[in-house]
**Student:** 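One structure is given below, represented as structure tokens, and several questions about it will come after.
Throughout, protein chains are lettered first and strands after them, A, B, ... in sequence-line order, and every chain is numbered starting at 1. Since we're looking at a predicted model, the values are computed, not measured.
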2 protein chains.
Amino acid sequence: MPAETTRRRGAALEADLLDAAWAELKAVGYTRLTMEGVAARARTGKQVLYRRWPNRAELVVAALRHRQGGSITDQVPDTGSLREDVLAVLRLMAERQRDIGQDVVHGVLAEIGPMRAQVFEIMRDVMATLLERAAARGEIPTADVPPRIMTLPTDLVRNEIVMRSEPLTEQTMSEIVDDIFLPLVTRRA
Amino acid sequence: MPAETTRRRGAALEADLLDAAWAELKAVGYTRLTMEGVAARARTGKQVLYRRWPNRAELVVAALRHRQGGSITDQVPDTGSLREDVLAVLRLMAERQRDIGQDVVHGVLAEIGPMRAQVFEIMRDVMATLLERAAARGEIPTADVPPRIMTLPTDLVRNEIVMRSEPLTEQTMSEIVDDIFLPLVTRRA
DNA sequence: CGATTTAGGAGACGTTCCGTCTCTTACTTC
DNA sequence: GAAGTAAGAGACGGAACGTCTCCTAAATCG
């Protein structure tokens, strides 16, 4: 029995490892994902994983990044309407939620520690861009909106993602935008 | 060496177990809390724990409840001002955050599953009470506020608790109430 | 008040997974 | 072609899991 004597290396191997981690994530969830499971699925040894990522959390984060491609920053929506722009951002978050799954969200949230604060800044920057464009179009009186209001829609959606089990509905997102966010940014002295 | 031959039982023992769990939580945090650690601290065996709670998560939730006493529902604030009432609720949440600690929040959040949705309902009911009283006083035009706006302050505070490492500041809470919540409930047709 | 039942205290057990380590060998590099 | 690097495989000690069994203190009941 002459086994496959092709031995994977470097980037090709790494991609396989991350794919295996993702598959394992989908198969058994975050809490029951083990390094041994991922290694077995990728048909390799644990050492190969530990050589690249120091622990489960880092491996999972890397797998998510690999799977999800780039950040939201890379493709900030620009539909010509503030309402649609914000909804597009929220839909992107909802999409990720659906793809990733509840327990992964919580598992990662628990273990990434200070990396969480970064999420705020990214979202603040994205929303700032949307608001500046809206102000330039004359849709809103000014883009000088307090940061807390800027991130209101994404904060609320994140709250839904973290707290609710069911996926976000289109209605929830429009309520957030139409009943809360837009009133606050349009009526401002 | 005649050891203490007093053997604890029933409610007294249970209280000791929950105290031990709480102490362990403060000492080593959620992720490193073990059933063996709690049992050792309470000077008893694991079986005594497993006889009462099926797993770590349930034990910790029980310990939190035992520690925290009642729910917010038991003492809904009534200061005569909507602003102060809401702030009082938010301060209570902040207090608990400080007492419990970040990793416990995430750990519990990850493991309590469907119990999370319950939190929403509790907060919605509390806020509904506050709004009704405010409407009766004539502070706001109507208590008929959409549920999403009702729970806005508590949702935002929860988002801060989950995402930020630092404890909530008084300023954050007033921003949420003064810049976001009150404008939305006072100016309504 | 003695017999019976219940449940606490203690720890052994098999299991799983951790993270480290060692060893052989395929591939890369020079 | 020789030397170096890292993949593949698995052994290892350790921690904690959840189950189980034993002994006995305390509660219950006749």
Side-chain angles (χ1 to χ4, degrees), chain A residues 1-21 23-25 27-63 66 103-104 107-108 110-113, chain B residues 1-21 23-25 27-63 66 103-104 107-108 110-113:
Chain A
M1 44 187 75
E4 307 261 347
T5 50
T6 31
R7 189 177 274 188
R8 296 159 294 178
R9 289 228 157 197
L13 172 58
E14 188 148 328
D16 279 2
L17 297 176
L18 293 173
D19 286 346
E24 195 73 1
L25 219 42
V28 305
Y30 181 82
T31 42
R32 281 181 305 175
L33 176 139
T34 69
M35 298 301 253
E36 268 149 357
V38 175
R41 186 180 285 270
R43 263 183 271 100
T44 182
K46 286 192 287 183
Q47 190 60 36
V48 175
L49 295 175
Y50 281 110
R51 206 170 283 147
R52 291 172 170 76
W53 304 280
N55 51 52
R56 215 171 50 142
E58 300 263 15
L59 167 60
V60 169
V61 170
H66 179 249
D103 74 320
V104 178
V108 172
E111 295 190 10
I112 61 170
Chain B
M1 42 187 72
E4 307 260 348
T5 49
T6 30
R7 189 176 275 188
R8 298 159 293 178
R9 290 230 156 195
L13 172 58
E14 187 149 329
D16 279 2
L17 297 176
L18 293 173
D19 287 345
E24 195 72 2
L25 218 43
V28 304
Y30 182 82
T31 42
R32 281 181 304 174
L33 177 140
T34 70
M35 296 302 254
E36 266 147 359
V38 175
R41 186 180 286 270
R43 263 184 268 99
T44 182
K46 287 192 286 183
Q47 192 60 39
V48 175
L49 295 175
Y50 281 110
R51 206 170 283 147
R52 291 173 169 75
W53 304 280
N55 52 52
R56 217 172 48 143
E58 300 263 16
L59 168 59
V60 169
V61 170
H66 179 250
D103 74 320
V104 178
V108 171
E111 294 190 10
I112 61 168

**Student:** For A/Arg52, I'd like to know if atom CZ has over 12 heavy atoms of other residues, nucleotides or ligands within 6.0 Å.
**Tutor:**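 Atom CZ in A/Arg52 is packed in, count exceeds 12.
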**Student:** Identify, residue by residue, the members of residues 12-20 of chain A with a heavy atom below 4.0 Å from DNA chain C, and return them in order of residue number, or none.
**Tutor:** none
**Student:** Just the rounded figure in Å: distance from P of D/dA16 to CG of B/Asn55.
**Tutor:**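 That distance rounds to 17 Å.
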**Student:** In whole Å, what is the span from the CZ atom of B/Arg43 to the C1' atom of D/dA25?
**Tutor:**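 Atom CZ in B/Arg43 sits about 17 Å away from atom C1' in D/dA25.
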**Student:** Near DNA chain D, which residues from residues 30-37 of chain A have a heavy atom under 4.0 Å away?
**Tutor:** none
**Student:** With a 4.5 Å limit on heavy-atom distance, are the side chains of A/Val38 and A/Leu17 in contact?
**Tutor:**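 A/Val38 does not reach A/Leu17 side chain to side chain.
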**Student:** Return the minimal non-hydrogen interatomic distance between A/Leu59 and A/Ala21, and the atom names on each side.
**Tutor:** CD1-CB, 4.0 Å
**Student:** For residues 41-49 of chain A, tabulate all N or O donor-acceptor pairs below 3.5 Å that involve a side-chain atom, not counting sequence neighbours.
**Tutor:**
| residue | atom | partner | partner atom | Å |
| --- | --- | --- | --- | --- |
| A/Arg41 | NE | A/Glu24 | OE1 | 2.5 |
| A/Arg41 | NH2 | A/Glu24 | OE1 | 3.1 |
| A/Lys46 | NZ | A/Glu36 | OE2 | 2.9 |

**Student:** Just compare C/dG9, D/dG8, C/dC27 and give me whichever is closest to any side-chain atom of A/Arg8.
**Tutor:**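 Selected nucleotide (nearest to the side chain): D/dG8.
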**Student:** Taking the side chain as everything from C-beta on, heavy atoms only, tell me whether A/Val61 gets closer than 4.5 Å to A/Val108.
**Tutor:** yes
**Student:** B/Trp53 and B/Met35: which non-hydrogen atoms are nearest, and at how many Å?
**Tutor:**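 Here B/Trp53 and B/Met35 meet closest at O-CE, 4.5 Å.
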**Student:** At less than 4.0 Å, is any side-chain N or O atom of A/Thr44 found next to OP1 or OP2 of D/dA7? Yes or no.
**Tutor:**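 For D/dA7, OP1/OP2 do not have a side-chain N/O of A/Thr44 under 4.0 Å.
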**Student:** Which distance, rounded to the nearest 0.5 Å, do you find between the CG of A/Leu25 and the CG of A/Leu18?
**Tutor:**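 If we round to the nearest 0.5 Å, A/Leu25:CG and A/Leu18:CG are 11.5 Å apart.
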**Student:** Please name all residues satisfying side-chain contact (heavy atoms from CB on, under 4.5 Å) with B/Asp16, sequence neighbours left out, ordered by chain then number.
**Tutor:** B/Arg8
**Student:** Would you please name every residue forming a side-chain contact (heavy atoms from CB on, under 4.5 Å) with B/Ala57, sequence neighbours left out?
**Tutor:** B/Tyr30, B/Asn55, B/Glu111
**Student:** Look at the side-chain N and O atoms of B/Arg9 and state whether any lies under 4.0 Å from the OP1 or OP2 oxygen of D/dT28.
**Tutor:**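 Result: no.
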**Student:** After noting the C-alpha distance and the side-chain angles of A/Asp19 and A/His66, does the key distance pass the side chain to side chain contact (heavy atoms under 4.5 Å, CB included) rule?
**Tutor:** CA-CA 8 Å; A/Asp19 286 346; A/His66 179 249; 3.2 Å; yes
**Student:** CH2 of B/Trp53 versus P of D/dG18: gap in Å, rounded?
**Tutor:** 14 Å
**Student:** For D/dC23, take OP1 and OP2 only and decide whether either is under 4.0 Å from a side-chain N or O of B/Arg7.
**Tutor:**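 Checking D/dC23 against B/Arg7, no side-chain N or O comes under 4.0 Å of OP1 or OP2.
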**Student:** Could you list, one pair per line, each protein nitrogen or oxygen that sits under 3.5 Å from a nitrogen or oxygen of nucleotides 19-22 of chain D, together with the distance?
**Tutor:**
| residue | atom | partner | partner atom | Å |
| --- | --- | --- | --- | --- |
| D/dC20 | N4 | B/Gln47 | OE1 | 2.5 |

